[in-house]
Each structure stands twice: as structure tokens, then as C-alpha cells.
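Treat the numbers as computed from the prediction; the structure is a model and nothing was measured. Numbers here are sequence positions counted from 1.
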Amino acid sequence: MDSLQHSVVHRLPQSYRRLHALPGGSKLQQVPDYASDDLIGLCLLSHQGEQAWRVMQQIQEALAEIQLSCSVVEWEGEPCLFVAREDELTTTCRLKNFGVSIAEAFSQPSA
């Protein structure tokens, strides 16, 4: 889990819903409107390729230790971790405890 200390994740700005389970894995759909049963996605900014997949598996294991349900799914060519919207705060807290940095989006001040 040492590589988690050098990891940076970013929350995807959209919400997602699981369509259904397929033989090859889950299928997700981006949704425009907020709903309480939506999923949020986290992608890695600090790693790419095979290393990103390994780090995401470590993150998934860290969350499984506290019985938090999540899944790592390929999204736009990269591994992304998807968790229930209601588990977002627990997820980010757990990741911060492991030393994972959470990138925040900056907003432009209104004039």
C-alpha cells in the first residue's frame, strides 16, 4: 500500500448509474441529473497504464477493508473507481488516511 501515499485522485464531474452486469463486467452510463442512488467516479492523476490499474486495485482493497462497496471499471481508457454517492465522504476520508491526495477543482470567482 506504499504506492497509495504518492497517489492523486480526481473526482469525475459527472454522475453515473450502473446499467446492468455484463459477462465482461459492469456497464455504466453518465447521467445528467443528480439522484441519490448515483455513483461517483474517481480517476488517478498520478499514475497511468498498468501502474494505474495496480493502484486502483489497492484502493479497492483499502475500501473493502471497511466493507465499502466499490468497483474499478475502465472509463474512457483509464481505470476509475466508482462508489455510491452516499459513500463519497467515507471514501475520501479512507483514502486520505492512506495518504492519497484528493485533487479539487478550482472555480473562477464571479465578477
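How far CG of D38 is from CD of E88: 11.0 Å, rounded to the nearest 0.5 Å. Between W75 atom CH2 and L42 atom CG the span is 14.0 Å, to the nearest 0.5 Å. We find the OG-CG distance between S71 and L39 to be 7.0 Å, quoted to the nearest 0.5 Å. To the nearest 0.5 Å, atoms CD (E74) and CE (M56) are separated by 12.0 Å. Here CD1 of I59 is found 10.5 Å from CD of E61. Values are rounded to the nearest 0.5 Å. The CZ atom of F82 sits 13.5 Å away from atom OG of S69, with the distance rounded to the nearest 0.5 Å.
When all heavy atoms are compared, the tightest approach of Q60 to C70 is NE2-O, 3.3 Å. Scanning all heavy atoms of the two residues, the minimum distance from W53 to V73 falls at CH2-C, 4.3 Å. H6 and H47 make their closest contact through O-CE1, 3.7 Å (heavy atoms, listed as atom of the first residue, atom of the second, distance). In plain terms, the two heavy atoms of A52 and L44 that are nearest each other are O-CD1, 3.5 Å.
The closest donor-acceptor contact from the side chain of S101 to the backbone of V8 lies at 3.5 Å or more, if one exists at all.
Ion pairing between R94 and E65 holds under the 4.0 Å rule for side-chain N and carboxylate O.
If you chain together hydrophobic residues whose side chains sit under 4.5 Å apart, I66 and L95 fall into the same group.
In this structure, the side chains of V9 and R11 stay at 4.5 Å or more apart for every pair of heavy atoms. Counting heavy atoms from C-beta on, the side chains of C80 and V72 never come closer than 4.5 Å. The shortest distance between side-chain heavy atoms of V83 and T90 does not fall below 4.5 Å.
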Under the side chain to side chain contact (heavy atoms under 4.5 Å, CB included) rule, what do C43 and E78 come out as? Steps first, then yes or no, please. CA-CA 8 Å; C43 67; E78 296 294 324; 5.6 Å; no
Working note: D87 + L63, criterion side chain to side chain contact (heavy atoms under 4.5 Å, CB included); need CA distance, chi angles, decisive distance, verdict. CA-CA 10 Å; D87 294 331; L63 296 175; over 6 Å; no
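A 6.0 Å sphere centred on CD of Q48 holds no more than 12 heavy atoms belonging to other residues, nucleotides or ligands.
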